[in-house]
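All chains are named by letter (A, B, ...) in the order of the sequence lines, taking the proteins before the strands, and each is independently numbered beginning at 1.
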Number of protein chains: 2
Amino acid sequence: MTQVKTSLSRTEAWSLTTLSLASVAILVQTFQGDGAPLVASIAFSGLAYALSYAMIRWLGGVFIKAANMDRPETMGAVCAVVYLLAIICFIPFPFYKDIVAATSGGGNRDLVLEVRQIETGRFLHRFPHGKLASYLSAILSLQSVVILGVGDDLFDIRWRHKVLIPAFASIPMLIVYFVDFGVTSIVIPTFLRPYLGELFDLGWLYYAYMAAISIFAPNSINILAGVNGMEVGQSIVIAILILFNDCLYLSPEFLPLSLPKTPLPLSTPGSSSLHPATDSHLFSIYLLLPFLAVSLSLLNHNWYPARVFVGDTYCYFAGMVFAVVAIQGHFSKTLLLLLIPQIGNFIYSAPQLFALVPCPRHRLPKFNARTGLLENSWADFTLPEERFRDELDATSTSNSEAESNGHARKKSRIVTGRHSTLKKPVQSALKLLARFHLIRIEVDSSTGEVLRATNMTLLNLWMVWFGPMREDRLVIGLLTAQAVCGLMGLWVRHRLALWVFTVDNW
Amino acid sequence: MTQVKTSLSRTEAWSLTTLSLASVAILVQTFQGDGAPLVASIAFSGLAYALSYAMIRWLGGVFIKAANMDRPETMGAVCAVVYLLAIICFIPFPFYKDIVAATSGGGNRDLVLEVRQIETGRFLHRFPHGKLASYLSAILSLQSVVILGVGDDLFDIRWRHKVLIPAFASIPMLIVYFVDFGVTSIVIPTFLRPYLGELFDLGWLYYAYMAAISIFAPNSINILAGVNGMEVGQSIVIAILILFNDCLYLSPEFLPLSLPKTPLPLSTPGSSSLHPATDSHLFSIYLLLPFLAVSLSLLNHNWYPARVFVGDTYCYFAGMVFAVVAIQGHFSKTLLLLLIPQIGNFIYSAPQLFALVPCPRHRLPKFNARTGLLENSWADFTLPEERFRDELDATSTSNSEAESNGHARKKSRIVTGRHSTLKKPVQSALKLLARFHLIRIEVDSSTGEVLRATNMTLLNLWMVWFGPMREDRLVIGLLTAQAVCGLMGLWVRHRLALWVFTVDNW
């Protein structure tokens with residue numbers, strides 16, 4: 001058992017202080033200068049890293065005392081609170097330019113003209129309040145997910161209720177999207193345009209789609225979890241990939257792909273000569289940079305051997321950050337491409353999640369103390385002879401209806417030896433999966449019945465393929481796979497888009 | 001010990017279902033009609049009441065299990081979450097009229113003209129995004145206070161850190177106020193106008209003032225607490241008084257006071273013929289009605305004998321609701337008039353809070369099991385003979401400096417009998433307070449020293465005046481006092497305003 005430290009070492013304290021001071025210096029500079037929001041966002045991320053690093057350390061002892069655990073759980077909540085503080089304090093920066101323009105004219109001739117209109121009451125409208133409301137609604141959704149996530153970590157909420165936590169948290173965002181005249185039409189692929197036109201208004205279906213993304217992203221991260229560093233690691237990889245994609249839109253020179261040459265008719269002043277999607281992607285960068293910072297500081301403590309655990313809060317929070325930036329930035333399809341391992345894990349897990357195949361309470365890989373390696377965990381489909389007999393007695397006395405249905409007769413037929421409770425078709429399906437090396441199964445040599453199988457999670461699949469391994473090797477392998485899948489996804493997205501749509505971005 | 005029920009009785013279930021159905025019916029009606037936000041707000045309050053009532057009951061068992069207590073604590077958090085859900089879902093309603101106007105022209109000629117401007121990009125600006133941002137920032141602040149409050153309830157945070165929780169929570173509101181070109185100038189009273197002009201811009205001092213209100217309101221409620229129903233009761237009284245004050249602005253006919261006849265130059269379309277402050281007070285009503293609803297349902301469970309406790313979360317949350325509506329509605333001075341008992345309690349407590357007079361860990365009135373009544377709790381200033389001697393030895397060996405300063409000599413002078421640790425001036429002050437019946441003290445008959453005094457809280461003061469009483473009588477008495485003080489405050493505010501300023505409202 002690793003000792004939990006609750007104070008910073010001398011080196012740590014110095015590094016964090018230096019980082020914080022540098023960040024504050026940059027912020028002051030930014031605020032006095034032209035208020036470059038991107039620079040401010042980086043500075044806030046530095047501060048967020050330092051603060052969450054220190055908070056995780058300091059609060060470690062408090063958490064252990066409160067929860068009576070030997071290692072602090074729910075540290076994701078601490079990171080989330082630091083993150084929220086950072087993006088709240090950041091609010092003035094993206095709008096700073098407008099404030100300067102509003103109060104002094106900003107030296108820009110067009111703006112000076114606007115200032116003259118102050119008495120007509122139209123002046124205040126120049127300020128991009130619409131964007132502010134989106135930003136605030138994003139924060140609201142993230143705060144909601146933190147509140148509900150902490151509730152989930154404190155009280156053991158049932159699985160089927162848990163799934164809906166992100167749905168509740170997405171309400172503020174969806175409502176503000178609605179109130180804000182959000183776009184609900186989608187661009188139709190070229191080959192369908194003769195039938196559906198160029199744009200197609202999905203209406204309320206679009207809201208259902210956004211809610212589905214909000215539900216899927218957090219939960220898919222939450223089920224690819226349970227190994228030191230896995231939750232935070234995958235979130236960091238995904239965040240970096242989204243940031244990479246965002247950067248493609250920032251400067252036209254970097255864009256290797258064709259761009260629509262005409263600006264959109266409704267473009268607001270300020271976005272002027274840039275790509276029309278630039279604003280959405282800047283928005284995404286502002287939300288992701290501090291997220292990356294707090295996640296890195298959490299990974300520092302959560303990497304194998306972990307000194308703190310992240311809790312469900314972190315998984316919900318991370319997934320919600322991705323859902324929020326993708327929805328508000330209108331790149332939810334791209335997000336799905338980056339979540340391919342999570343989608344794969346969900347599909348692979350589905351037979352167990354939906355109880356087609358028995359699912360034990362925990363499906364994590366098992367630690368073998370002798371070798372120091374993680375090994376596959378197994379779902380057991382057998383009932384040992386004695387227990388089976390007891391159960392049989394219990395059913396036959398309490399549930400006579402089942403008996404008359406032939407259940408009891410079937411059961412009493414095989415009482416000797418171990419016996420698989422799986423139905424024949426399920427057994428055949430499992431055998432097929434095993435043939436494709438997608439699971440490992442144990443078959444009774446005499447009856448040919450499937451007695452047990454490895455649990456269906458990506459973590460177990462990785463070890464079906466590559467054998468038992470140390471915890472950190474497993475995580476590194478999966479994170480590499482995540483990064484490779486994501487990069488391929490992005491490549492496909494930007495290449496294929498040109499074939500399916502006339503231009504890359506909408 | 002009262003048994004904790006975790007399910008609804010038949011009658012309760014029926015009443016709550018009826019209430020919910022009626023509320024939903026009203027909401028549907030409202031959404032199809034002209035979207036009267038006030039009616040919608042009342043309907044949402046009905047739903048919030050039903051939901052929080054049921055949730056408190058259902059979650060009772062879960063809370064007990066999680067915290068290992070015999071009665072559920074932190075139920076305020078449940079109410080707060082229900083409240084947040086209600087005001088988030090309410091967002092479309094205050095802006096509904098504008099949506100209708102935007103999409104169909106709304107039958108209004110002026111608006112139809114506006115619709116033609118859609119291609120110039122100016123159209124979207126008609127939507128009152130500025131108000132939406134204020135509303136969202138209010139929700140953000142309330143969510144923040146809930147997150148931090150739950151943290152406080154879970155971990156025993158130190159008193160001096162606790163005080164700052166509302167300060168952190170007020171950050172989103174203040175930042176959006178800043179970004180939103182918030183008004184930072186105040187109206188100068190008539191007799192000062194020759195020197196300062198009609199308006200005076202406080203600048204950043206105004207932000208400090210708003211932060212101070214946000215810190216004071218929640219903490220002042222948190223220290224007037226600890227008796228069944230006190231926290232919720234006072235919050236309900238204050239909420240009703242603010243609502244009463246809001247109603248004065250709603251309809252000009254109801255206003256008994258003079259009004260400025262000319263509309264403000266910057267007034268936006270929509271607020272047209274009404275009092276210029278109407279919008280702010282509507283905002284306040286929208287936030288307070290659901291608050292009143294969840295508080296009433298909580299009071300139902302928290303009234304003597306309480307089956308659930310509210311936790312610090314509720315106090316912070318309630319105080320923050322008041323601070324938010326007062327700040328955004330620009331009636332923070334009126335709020336202070338309604339908080340007179342809380343202010344009095346704070347001033348009265350100050351000697352103990354700032355350690356001029358020793359302060360025991362808990363200052364709640366004491367329950368006398370024999371009479372079934374609450375009695376004054378006392379702060380003891382004496383050290384019993386033996387303990388005093390021990391301490392004296394300890395100091396004389398470990399701290400020789402103190403000895404040379406004469407402390408040891410002074411102490412060794414009186415080692416027989418009980419001895420007051422208070423300095424002479426403090427004793428005189430306490431005797432003076434006792435003469436004015438503001439505390440009760442116990443004086444050593446031989447030395448004349450003050451040995452102990454009743455704790456300085458409003459709860460204790462009430463019993464200094466009216467003697468021991470049952471818990472619910474004490475609460476009823478204090479709530480009545482709160483209501484009377486508040487009504488007088490409102491009367492003074494609207495009468496005096498005419499003398500100090502030229503018109504009542506600004």
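Residues forming a side chain to side chain donor-acceptor pair (under 3.5 Å) with Thr313(A) (at least two apart in sequence, or on another chain): Asp153(A).
Chosen from Leu140(A), Ile147(A), Val146(A), Ile88(A), the residue pairing most often with chain B at heavy-atom distances under 4.5 Å is Leu140(A).
Leu136(A) approaches Ser137(B) most closely through the heavy-atom pair CD1-N, 4.3 Å.
Other residues, nucleotides and ligands contribute over 12 non-hydrogen atoms within 6.0 Å of the OH atom of Tyr206(B).
Of the two parts of Ile175(B), only the side chain, counted from C-beta on, holds a non-hydrogen atom closer than 4.5 Å to a non-hydrogen atom of chain A. In this structure, no portion of Leu59(B) lies under 4.5 Å from any heavy atom of chain A.
Among residues 75-84 of chain A, the residues having any heavy atom closer than 4.5 Å to a heavy atom of chain B are, in sequence order, Val81(A), Leu84(A).
Distance check: Ile139(A) CD1 to Ile139(B) CD1 gives 12.5 Å after rounding to the nearest 0.5 Å.
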